[in-house]
Amino acid sequence: METALLINTSMLLTLAIITMPILLPLLSKSLQNTPTTITRVVKMAFLTSLMPMTLFMYSNMESTTSYWEWKFITNFKIPLSLKIDQYSTMFLPIALFVTWSILQFTTWYMATDPYPTKFFSYLLMFLIAMLMLTLANNLFLLFIGWEGVGIMSFLLIGWWQGRSEANTAALQAVLYNRIGDIGLILSLAWLASTLNTWEIQQTTPHTQTPTIPLLGLILAATGKSAQFGLHPWLPAAMEGPTPVSALLHSSTMVVAGIFLLIRTHPMLTNNPTALSLCLCLGAISTLFAATCALTQNDIKKIIAFSTSSQLGLMMVTIGLNLPQLAFLHISMHAFFKAMLFLCSGSIIHSLNGEQDIRKMGCLQKALPTTTSCLTIGNLALMGTPFLAGFYSKDLIIENLNTSHLNTWALLLTLLATSFTATYSLRMTLLIQTGYTRTSSVTPMNENNQMIINPLSRLALGSIMAGLLITSYMPPTKTPPMTMPATTKTAAIILTILGIILAMELSNMTQTMTQPKQNTCSNFSTTLAYFNPLIHRTSSTNLLNGGQKISSHLIDLSWYKKMGPEGLANLQLMMTKTSTTLHTGLIKTYLGSFALSILLMLLSTLNLN
Amino acid sequence: MNPHAKLIFSLSLIMGTTLTISSNHWMMAWIGLEINTLSIIPLISKSHHPRAIEASIKYFLVQATASTLILFSGMINAWLTGQWDITQLTHPTPSLLLTTAIAMKLGLAPFHFWFPEVLQGSSLTTALLLSTMMKLPPITILFLTSHSLSPTLLITLSIISTALGGWMGLNQTQTRKILAFSSISHLGWMTMIIMYNPKLTLLTFYLYSILTTTVFLSLNTTKTLKLSTMMTSWTKAPALNTTLMMTLLSLAGLPPLTGFLPKWLIIQELAKQEMTPMAVTMAMLSLLSLFFYLRLTYYSTITLPPNSTNHMKQWHINKATNPSIAIFTSMSILLLPLSPMILTTI
């Protein structure tokens, strides 16, 4: 009894602490926010959220609490209900921890910004929406959180709104997310009309779920989690400040799509079509993103494509029918990806805004903490044994290798794994080693507690989190116990191969001549020509088609030609013809009379 | 014209019409028609204008041919059936000949070519006589023989008449020719219904005569012979101009004016007889004539002409307005509510 009370109360307390900075300034003029207060609030919320996490680990108690019901249609219940289960209790502390670190970093990063408090408030509002998404028990509340994170993403990407690229990127993010939302609304509509509920517990079917709502959910995940087809917004979202990239586009928002699929997993389980779709989509996404990351020269874009690739991997895991493993990867990925972004933010500020890795080098000596954390993050990303990434990534690849599913998806994923190692090592080599290629005068200084504390916390998390979380989360499905040695070590072997490849390639680039262009590198650099092809053609076709239908077809053809003008022209033709027939000559008239009579007589005689 | 001559011609007109209407022998019908023809020829050529002479000659030629054909068909009927009764025209060949002859007499398409030119050549009052009085005997004969005429031929003639009346009227600027084509259209409506309900033919004819009389007399007052004169007729008799507009719209067949009554009843009768496509066709073709009636109302009443007159009302009026215009105008605008009474008395 007390456990239930404690778990609910502590969860509500966490939420209350988080929403305080939004509510209190509205009540009194003297209770305004500052960046420090918001950071402290999030730290407090993190510490409070450890309570439900430990309670859950101790007692394995899950609860669903319903606070209010929106009585808007008589027989359709839309309650405000929160689900406290393994996913939400584990995700909440991790998200709050990462957010706390990012906010602490932001107080240094955005110090020269004219509106820091507004920035922090935006980040906080985003966090509230994300938590709502995570805790939601019905798809309606999840949709509210979904839209909330979308809007905050738009506002945050376009933070430097004087920059037109930032505005375009924000718009791109919103549009691609919207296309995904169509899928989510489709599923909501199908569920409401067929199962009369939006609660996730009531959607578990006995037999196979029809494919349509699942397609909707997969479309939603494709939009939000930047799978192939709706992916261009994620690299473009790097126009926002680095804290935004760290929080939204690496740890929390982009995993919302995968999280949706994890939550609605009971519906997906027994539909092999949907599962294969997830598998293949994830495989394509992961390989595509990894290929594009190979030739990028902007740090943030490399990390963005790396995020995209890991999201593809999570989708592959969903396709393998392993939601808990996908969640595990989400948790691990949050740590090291946020850390990678924060390191890149520190580097960018130290080099006075330089983001091109070709103009960096030998930063290992100048920025030791930052680059060490960068190395730790990259190693974790590659799946180095016993760092955070290993526990989830290696398990995924083992499951993939021992499953009876699509070999092609398997091959793509393995290839992407080795590419991960390649681009990570390329990034490391170009930034941290070699001769320095930066400009001579740089404001390099990382001796700020505001930088070092978050980075070291996240580094600690990247190292320890794997062991800690897997020790306390028992697996829901049986992991593969035995497999041949090569299968077991496949991930490591491929990673090492990728590393060797990267080192070989970097040895070849000692001279500074322009690299020769060939098809493969062009393909990678231009992101498979996806952006110009799709962005131009779809808008041109839509606008042209619209103009043709409305102007040509409706206005000019139906309303003018088929209507008044056309009819009038016809009558005019007849009038002119008949006027010329009336010649005025009586002989012609009498002759026509005679001819008519003759014709009539002949026709009636023929009839008789 | 010499008043004595005028008297003789008018009385002969009346006598000829009466003779034909009340006859049941083909001979008597033909005699009446011939007396009509002969007495109206001098009336047409009264003004000795070359146009009038040409009109009278055209009229004579066509009408003579038509009368001959009527007598010929009566004769063939007598040969084949042995009797001269008008109502017993049983054989198809004489009935076909009779139909064409009546068409020629009335001015139904494709035998209508003479009608606009004859109307154009005569004065407005003579044109009135030609449109109303001279059509009465042939319509009577049509009424009497309606049960034995070929429906196909009648429908064909009526549709072509309505269509041609509409199309030709669009291209005219002389008011007499416009009224000629309006007459042809109305004759088309009359001929359409004659095989199903001949009484409606007579009703249409009576109402059409009233309407046309009104229009002709109004135009006579303001001496409007062309469209450009029509634009400045509002200065001569403003009230008459307004009622002329209503009369023209009544001719067009717009409810709630009188001219709507025949069209409504004809369409109802056709629908009852499962002839809905015909009804739709006739209604559509009447839209053409509606256009030129509207054009007339536009020019006479609704718009002001670009050539402005420099006075509001002419101070010197030539002739007093015919008092019968008032009666005819009232009848042509306001008779629709009396339609039950009209139906029961027809």
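Chain A is the first sequence line, chain B the second, and so forth, proteins listed ahead of strands; every chain is numbered from 1.
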Main-chain N/O of G584(A) paired to K58(B) side chain as donor or acceptor, under 3.5 Å: yes
Minimum-distance pair of heavy atoms, taken over all atoms of F593(A) and F113(B): CE2-CD1, 3.8 Å
Nearest heavy-atom neighbours spanning M168(B) and T579(A): SD-N, 3.5 Å
Atom [atom1] of residue position [X] - does it have more than 12 heavy atoms of other residues, nucleotides or ligands inside 6.0 Å?
X: L556(A); atom1: CG; value: yes
X: F60(B); atom1: CZ; value: no
X: Y298(B); atom1: OH; value: no
X: F140(A); atom1: CZ; value: yes

Residues I597(A), F111(B); criterion side chain to side chain contact (heavy atoms under 4.5 Å, CB included); working and verdict: CA-CA 10 Å; I597(A) 297 180; F111(B) 304 105; 4.0 Å; yes
Toward chain A, the part of I57(B) with a non-hydrogen atom under 4.5 Å: neither
Approximate separation, where rounding is to 0.5 Å, of [X] [atom1] and [Y] [atom2]:
X: Q571(A); Y: L287(B); atom1: CD; atom2: CG; answer: 9.5 Å
X: E117(B); Y: T583(A); atom1: CD; atom2: OG1; answer: 7.5 Å
X: S603(A); Y: L153(B); atom1: OG; atom2: CG; answer: 8.0 Å
X: H582(A); Y: N171(B); atom1: NE2; atom2: CG; answer: 11.0 Å
X: W167(B); Y: K576(A); atom1: CH2; atom2: NZ; answer: 14.5 Å

Part of L601(A) within contact of chain B (heavy atom distance under 4.5 Å): both
Sub-4.5 Å side-chain heavy-atom contact between T604(A) and T93(B): no
Derivation of the side chain to side chain contact (heavy atoms under 4.5 Å, CB included) call for L170(B) and L572(A): CA-CA 9 Å; L170(B) 288 175; L572(A) 209 58; over 6 Å; no
Pick from T65(B), L164(B), L288(B) with the largest number of heavy-atom pairs that fall under 4.5 Å of chain A: L288(B)
